[in-house]
Amino acid sequence: MNLSLSEIRHDQAGFEALVCLLAQTKGGFFDDIDINMSATAWFDADMCAAFGAILYRLGENLNTVKLKSIPPNVEGILSKNGFLSHYGREKIPDRWGTTIPYKRFDVKDDRYFAGYIETEFIHRREMPDMSSGLLKKFRESIFEIFSNAVLHSRTTQGIFSCGQFFPKRNRLDFSVADLGVGIRQNIQDNIGLILTSEEAIAWATQERNTTKKGPIPGGLGLKLLREFIDLNGGYIQIVSDSGYWRRAKGQTSTALLSHPFPGTVVSIEINTADTQSYVLSSELSEADIF
Amino acid sequence: MSNNLEVSIFEIVGSPLCVASGDGQKVYDRLAAALKEGRRVIVSFYNVTTLTSAFLNAAIGQLYGTFSEEQIRTLLKVQDMQADDLALLKRVVDTAKLYFKDPQTFKRVLRETIEGEDSDT
C-alpha cells in the first residue's frame, strides 16, 4: 500500500492530514505500508506525538511501515528529536538544543515521564529563560496532561509525547497523544451521556466535570490547563475521536475531522516570554483548606 | 505513644515531583490509617516542587469519601506549601466535597455545562 503525506503543521489541517492517512490504511493487517513524504515540506516536531501514535497503531496491526522520500529539512528535524530512530534511522545530535525528544510511555510510567521532563526540558541550559512562576506552571501543566492520559485513556498501547522550542518566536510546543478510548466514549461508558466528539471535549474541559467513579475524585486536570493557557497567551488544541477543539485568547472553537483519531491528543503552545508571576493576589491560609 | 503524626510527602514519594496518582495513593493509605485511629496528622510538603491534581485527588481528595469534613478539619493540617500549591489543594478539596457529598448536584452541573457549551461554541 502506497500512501502520501502532506506537510504537517501544529493545527487543525495537520491533524486532518494525519487522520486521513490512517483512514487510508482501512484498518489493514499484515500490509506493507509505504508512506511517501516527498510532499511533506514541513513537519512541526511536536506533531510527532500524534504521528507516532498512528504509526504505532499500524504496527500493532502487524503492518510493516516505511517512511520514504523524506525531504532533508524534515528528516533533520525528525532525526534530532529521535522520532526516526523508531523507523530505522540514526539519531543525530540536536546542536541548538531546541527539541524535547519523541518518546513512548506506558501508563505505569508516570515517574519515568517525570524524569524525562526534568532531564530533557527543565534542566537543559539551552531551554528558554522562563520566569520561575511560568516554569512551574508549565511543568505542572505537562504533568496534568500526562496524568489525564493515564487516568482516562484506558490505553494499552501507550502514551506518546514530543516537543519543540522556537527561540525566535518565544514559543514552545508540546503534545501528548494516547491510543485510548477517547473522551466521547469515556463519557458515554462512565456517565451515560451521549455527546458528539466536539461536545465531549468541551465537556471535559469544564470544572467539576469528570468521568471518574469510585473512591478517587477528579475533574480538574484539563481545566487547570485551560486556565493557565488563557493567562499565558498561548493556545491549546485537543483532538479526540473525530472532534477538534481549540482555545486561544479566551475563545473556544470546535470542528469535526473527516476521520477519527484513535485516541486523544492534547497539544499546547506556550508563550515563553510571559513574565506574569503567577502568584495569587489573595493569600490563602493553611487553616482555610479543609 | 504520640497522638500526633508528622508525615513528609517527600519521604513517602521519594521525589520532589508529586505527580502520579499511584504515589498519591501511598500518601492516602498512611493518612487514612492515622485518621481511623483518631490521630492528628501534620502533612509537610517541604521540598516538594511539583504537584498535580491527580496526585492530590488520590492523596487527600479521596479522604472525603471515608471521613467527614469535621473529622478531616479537626485532625488534618498541612504545612510548608507554596501559595499556588495551597490554592490547588483548596480546589481539589472543594471538588472532592462536592463529588462525595451530592452526586445529584454533580450530575446536574454536568448537564448544565453541556447546555452552556452548546451556546458558547
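Letters A, B, ... are given to chains in the order of the sequence lines, protein chains preceding strands, and every chain is numbered from 1.
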If I measure from the heavy atoms of chain A, does L56(B) come under 4.5 Å with its side chain, its backbone, both, or neither?
neither

Give, as side chain, backbone, both or neither, the part of Q82(B) having an atom under 4.5 angstrom from any heavy atom of chain A.
side chain

Counting heavy-atom pairs under 4.5 Å to chain A, which of G24(B), G61(B), G22(B), G65(B) comes out on top?
G61(B)

Quick one: do the Y116(A) and S161(A) side chains pair a donor with an acceptor below 3.5 Å?
yes

Can you tell me which of S147(A), A114(A), P215(A) forms the most heavy-atom pairs within a distance under 4.5 Å of chain B?
P215(A)

Below 4.5 Å, heavy-atom pairs only: which of Q251(A), E144(A), R139(A), K137(A) has the largest tally toward chain B?
E144(A)

One pair to check against ring pair (Phe, Tyr, Trp, His ring centres under 6.0 Å): F113(A) and F105(A). What are the steps and the verdict?
CA-CA 7 Å; F113(A) 180 80; F105(A) 301 90; 5.2 Å; yes

Scanning both residues in full, the closest heavy-atom pair of Y102(A) with G52(A) reads OH-CA, 3.3 Å

Out of R111(A), E140(A), K108(A), which one racks up the most heavy-atom pairs below 4.5 Å with chain B?
R111(A)

Pair N232(A), D274(A): side-chain N/O donor-acceptor within cut-off below 3.5 Å
yes

Taking atom types as modelled, find out whether Q237(A) and E269(A) have a side-chain donor-acceptor pair closer than 3.5 angstrom.
no

Using non-hydrogen atoms only, which part of F55(B) is less than 4.5 Å away from chain A: side chain, backbone, both, or neither?
neither

Heavy-atom distance under 4.5 Å to chain A: side chain of V78(B), backbone, both or neither?
both

Is a side-chain donor-acceptor pair under 3.5 Å present for D189(A) with Q185(A)?
yes

For S141(A), is it the side chain, the backbone, both or neither that has a heavy atom under 4.5 Å from a heavy atom of chain B?
neither

Full working for side-chain contact (heavy atoms from CB on, under 4.5 Å) between W245(A) and T252(A)
CA-CA 7 Å; W245(A) 182 96; T252(A) 303; 3.2 Å; yes

Any donor and acceptor pair, going by atom type alone, linking the side chain of T205(A) with main-chain N or O of A202(A) inside 3.5 Å?
yes

Is there a donor-acceptor contact under 3.5 Å from the side chain of E6(B) to the main chain of V43(B)?
no

Is L151(A) close to chain B through its backbone or its side chain, or both, or neither, when contacts mean heavy atoms under 4.5 Å?
side chain

Heavy-atom contact with chain B under 4.5 Å, split by part of E118(A):
side chain

Checking L220(A) against chain B: side chain, backbone, both or neither under 4.5 Å from a heavy atom?
both

Engaged part of T66(B) at the chain A interface, taking heavy atoms whose separation is under 4.5 Å
neither

Check whether Y235(A) forms a cation-pi arrangement with R246(A) (NZ or CZ under 6.0 Å from the six-membered ring centre, at most 45° off the ring normal).
yes

Can you tell me which of D110(A), I216(A), D288(A) forms the most heavy-atom pairs within a distance under 4.5 Å of chain B?
I216(A)

Which atoms of L76(B) come close to chain A, meaning under 4.5 Å heavy atom to heavy atom: side chain ones, backbone ones, both, or neither?
both

